[in-house]
2 protein chains.
Amino acid sequence: MNSATRPTQDTASAPAHDRVYRTLRTRIMHGEITPGAALTLRGIGGEFGVSMTPAREAVRRLAAEGALFLSSSGRVTTPELTNERIEELAALRALLEVELASRALPRAHMALIDRLQTINSNVAEMVSKRDAVGYIRTNLEFHRTLYLRAQAPAMLAMAETVWLQLGPTMRALYGRLRRTDPPQNHRLIIAALKAGDEPGLRLAVRSDVTQGLRLLAG
Amino acid sequence: MNSATRPTQDTASAPAHDRVYRTLRTRIMHGEITPGAALTLRGIGGEFGVSMTPAREAVRRLAAEGALFLSSSGRVTTPELTNERIEELAALRALLEVELASRALPRAHMALIDRLQTINSNVAEMVSKRDAVGYIRTNLEFHRTLYLRAQAPAMLAMAETVWLQLGPTMRALYGRLRRTDPPQNHRLIIAALKAGDEPGLRLAVRSDVTQGLRLLAG
DNA sequence: CGGCGGCTTTTGTGATCACATGAAGGGATG
DNA sequence: CATCCCTTCATGTGATCACAAAAGCCGCCG
């Protein structure tokens with residue numbers, strides 16, 4: 001059997017449009033692209049060494065997920081979110097992630113909690129280094145690790161879609177955030193997991209998810 | 001000004017890939033395609049009189065929304081949902097739509113309630129005629145009309161994505177459903193709206209959304 | 001000095017083609 | 001009669017091209 005005969009999940013053997021899609025998706029979700037930035041199909045194709053065709057498919061896919069905005073003439077930019085939309089997406093995060101955490105709770109064993117604590121220390125490190133992209137990445141990793149235990153793939157996919165839509169804006173948001181405190185709400189989440197305290201967990205997740213979005217009210 | 005200079009929302013002047021997308025989307029959401037049905041890019045292109053390119057874009061977009069399933073080799077079919085996934089999607093409907101209804105409640109005036117009652121009589125008619133597609137269509141129209149008042153476009157879009165994923169399965173589901181009763185839960189929703197009873201509304205929406213999915217447990 | 005009109009360039013759209021891959025069908029063999 | 005293999009066909013992928021429309025730019029005119 002050839003080594004390229006794998007079920008196709010590797011970054012190398014995957015179709016071109018999929019590689020482009022995945023790379024752009026991660027960039028957007030981690031806030032590596034500023035809101036309103038313009039992308040061009042030929043530019044994307046050039047960067048990845050492919051033609052316009054796979055670039056177009058990747059862009060369409062991302063636009064369908066709300067990660068990119070397509071103007072009426074087809075021009076593609078990262079979305080610039082209004083305050084109303086940000087609040088709505090925060091509400092969606094609260095709805096979905098509270099449910100996911102709640103479903104993960106009965107399955108959360110010690111190994112998971114250990115992993116969460118390790119990730120959380122990475123989060124704290126990123127905060128202290130003021131590394132915005134690193135913070136977003138590790139923070140999402142923290143949440144995803146917990147929610148994977150919920151055994152609810154459709155719900156998790158939806159939560160990730162919301163993260164994706166918030167990606168470019170989050171970067172700008174946490175740029176204003178001048179705190180260097182380690183994430184307090186993450187500790188509350190871990191504590192609630194240890195104690196098997198479901199109401200506490202729901203509250204902690206809700207607080208963690210909505211806290212970062214409060215500052216834009218002013 | 002030319003008549004084709006409109007902001008591009010018309011079915012005619014819109015780009016080809018968008019026409020294809022919208023047509024397929026409606027078909028899938030209304031359950032006009034059975035689960036597991038295979039589609040081909042050349043077939044779609046032939047039906048709409050376009051080449052493979054717009055067909056591919058429409059299919060990618062729909063696949064990104066979960067409306068279509070792409071096998072590892074790229075073959076495209078409507079999804080065949082497992083029971084676990086259906087239950088999960090039902091839970092998502094409950095989460096999202098209860099919230100949407102709750103947000104619509106304070107803005108629900110008499111004109112809206114009248115419209116809902118009109119739509120509801122159409123739903124009852126479809127039920128009595130055993131028109132599955134018509135039932136799904138009018139039922140979704142009932143829900144969408146209510147949720148539009150919530151002024152929460154992102155949340156509504158997410159609910160529609162769930163409807164889309166359930167589309168092909170719903171048809172098969174309501175095929176087994178041998179009732180000819182008019183929708184009781186819709187009446188409860190309307191009554192709660194009239195009374196301004198938020199807890200009652202939440203319960204009625206939750207019941208309406210999850211009732212149709214109970215029968216697959218057996 | 002500012003607004004406006006026309007030109008040029010950039011960009012997305014859609015069609016067509018060559019290619020590789022996976023599925024289906026048929027025939028030979030045990 | 002079933003099974004395996006090979007041929008053939010259908011299908012998705014990606015590149016390239018022609019076209020139209022939008023955006024940007026520059027100079028002209030008020």
Side-chain angles (χ1 to χ4, degrees), chain A residues 1-25 33 36-65 67-80, chain B residues 1-25 33 36-65 67-80:
Chain A
M1 174 186 287
N2 195 338
S3 68
T5 325
R6 297 279 192 75
T8 319
Q9 208 61 267
D10 307 330
T11 318
S13 66
H17 66 85
D18 217 57
R19 280 191 304 118
V20 177
Y21 165 76
R22 267 202 278 267
T23 308
L24 289 180
R25 182 178 199 269
I33 311 183
L39 299 180
T40 65
L41 298 183
R42 287 174 177 87
I44 295 171
E47 176 185 346
F48 289 88
V50 298
S51 79
M52 293 173 56
T53 314
R56 231 195 306 188
E57 297 188 38
V59 163
R60 285 254 171 264
R61 212 168 144 188
L62 290 165
E65 296 181 273
L68 290 176
F69 170 75
L70 268 66
S71 85
S72 62
S73 67
R75 309 297 250 255
V76 42
T77 59
T78 49
E80 297 182 277
Chain B
M1 176 186 288
N2 195 339
S3 68
T5 324
R6 294 281 190 74
T8 319
Q9 206 63 266
D10 308 329
T11 318
S13 65
H17 66 86
D18 217 57
R19 280 190 304 117
V20 177
Y21 165 75
R22 268 201 278 268
T23 307
L24 290 181
R25 183 178 199 268
I33 311 183
L39 299 180
T40 66
L41 299 183
R42 287 174 177 87
I44 296 170
E47 176 185 346
F48 289 88
V50 298
S51 79
M52 293 173 56
T53 314
R56 229 196 306 189
E57 297 187 39
V59 163
R60 285 256 171 261
R61 210 169 145 189
L62 289 164
E65 296 181 271
L68 290 175
F69 170 74
L70 268 66
S71 85
S72 62
S73 67
R75 311 295 252 257
V76 42
T77 58
T78 49
E80 298 183 277

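All chains are named by letter (A, B, ...) in the order of the sequence lines, taking the proteins before the strands, and each is independently numbered beginning at 1.
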Please list, one pair per line, the donor and acceptor atoms closer than 3.5 Å that link side chains of residues 37-48 of chain A to other protein atoms, with sequence neighbours excluded.
unit_1, atom_1, unit_2, atom_2, d
Thr40(A), OG1, Gly43(A), N, 2.9
Glu47(A), OE2, Arg27(A), NH1, 3.2
Glu47(A), OE2, Arg27(A), NH2, 2.4

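Between the side chain of Thr78(B) and the backbone N or O of Gly36(B), at least one donor-acceptor pair lies under 3.5 Å.
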Determine, for nucleotides 10-17 of chain C in 5'-to-3' order, which nucleotides have protein heavy atoms under 4.0 Å from the base (write B), from only the sugar-phosphate (write S), or from neither (write -). -BBBBBB-
Passes side chain to side chain contact (heavy atoms under 4.5 Å, CB included), Arg60(A) versus Val76(A)? Steps please. CA-CA 9 Å; Arg60(A) 285 254 171 264; Val76(A) 42; over 6 Å; no
Please walk me through it: do His17(B) and Thr53(B) pass side chain to side chain contact (heavy atoms under 4.5 Å, CB included)? CA-CA 8 Å; His17(B) 66 86; Thr53(B) 314; over 6 Å; no
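Taking both residues in full, the closest heavy atoms of Phe69(A) and Pro79(A) are given as CB-CA, 4.1 Å, listed atom of the first, atom of the second, then distance.
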